[in-house]
Participant: 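The structure is given below, and queries will be raised subsequently.
Below, each value reflects all heavy atoms present in this structure, side chains not excepted, and no hydrogens, waters or symmetry copies.
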Amino acid sequence: MAQHASALKRARQNEARRLRNRMTRTRLKHVAKAVRQEVVAQNPETAVSKLKQAQALFDKAAKKGTLHKRTVARKVSRLARLVNRLKASR
């Protein structure tokens, strides 16, 4: 366990950041799942709107440092590919 003041403060900061990052990652999983559900349900209009929402949240997570920018790019790219295939099949 940390003994001096700066180490105690660092431990508090790390815990706060861990919880904030966990909350963000969970939310990202939920929005990605919502996009995939719309694709499965064959709703291109709502899938596009949910994709926009998801992309904004993913970009914000990358900007904050919760996820790496290439991880975000890969995940958004895969979601966009699903939505584009759905639109093309219509």
Participant: More than 12 heavy atoms of other residues, nucleotides or ligands under 6.0 Å from CZ of R27: is that the case?
Facilitator: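 Open.
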
Participant: Rounded to the nearest 0.5 Å, what separates atom CG in L86 from atom CZ in R81?
Facilitator: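 Here the interatomic distance stands at 14.0 Å.
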
Participant: I need the minimum non-hydrogen distance between Q3 and L8, along with the two atoms involved.
Facilitator: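 Looks like O-CD1, 4.2 Å.
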
Participant: Should R18 and E15 count as an ion pair when the cut-off is N to O under 4.0 Å?
Facilitator: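 Salt bridge: yes.
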
Participant: What closest approach, in Å, do V72 and L67 show between heavy atoms, and which atom pair accounts for it?
Facilitator: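 Distance-wise, the nearest heavy atoms are CG2-CB, 3.8 Å.
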
Participant: Nearest heavy-atom pair of L28 and A61: which atoms, and what distance?
Facilitator: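 For L28 and A61, the tightest heavy-atom pair comes out as CD1-CB, 3.7 Å.
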
Participant: Any chance you could measure T24, atom OG1, to L19, atom CG, to the nearest 0.5 Å?
Facilitator: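 Here the interatomic distance stands at 10.5 Å.
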
Participant: To the nearest 0.5 Å, how far apart are CG in L51 and CG in L82?
Facilitator: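 Result: 9.5 Å between the selected atoms.
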
Participant: Let's go through K9 and Q13 carefully: what are the C-alpha distance in whole Å and the side-chain angles of both, what is the deciding distance for side-chain contact (heavy atoms from CB on, under 4.5 Å) to 0.1 Å, and is it a yes or a no?
Facilitator: CA-CA 6 Å; K9 180 179 178 182; Q13 289 174 328; 3.5 Å; yes

Participant: Using 0.5 Å steps for rounding, measure from the CZ atom of R17 to the OG1 atom of T66.
Facilitator: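 If we round to the nearest 0.5 Å, R17:CZ and T66:OG1 are 11.0 Å apart.
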
Participant: Decide yes or no for F58 and L79: does some side-chain heavy atom of the first lie under 4.5 Å from some side-chain heavy atom of the second?
Facilitator: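 Yes. Closest side-chain heavy atoms under 4.5 Å.
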
Participant: Is there a side-chain contact (heavy atoms from CB on, under 4.5 Å) between K50 and V31 once you walk through the steps?
Facilitator: CA-CA 7 Å; K50 293 216 184 242; V31 297; over 6 Å; no

Participant: Check whether any side-chain N or O of T26 sits under 3.5 Å from a backbone N or O of R22 as a donor-acceptor pair, and report yes or no.
Facilitator: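 Confirmed, T26 side chain pairs with R22 backbone.
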
Participant: Working to the nearest 0.5 Å, report the span between NZ of K64 and NZ of K60.
Facilitator: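 With rounding to 0.5 Å, NZ (K64) is 5.5 Å from NZ (K60).
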
Participant: To the nearest 0.5 Å, tell me how far K29 NZ sits from K75 NZ.
Facilitator: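 Interatomic distance, K29 NZ to K75 NZ, rounded to 0.5 Å: 8.5 Å.
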
Participant: For residues K87 and P44, report the shortest heavy-atom separation together with the two atoms involved.
Facilitator: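 Nearest pair, atom of K87 first, then P44: CG-CB, 4.2 Å.
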
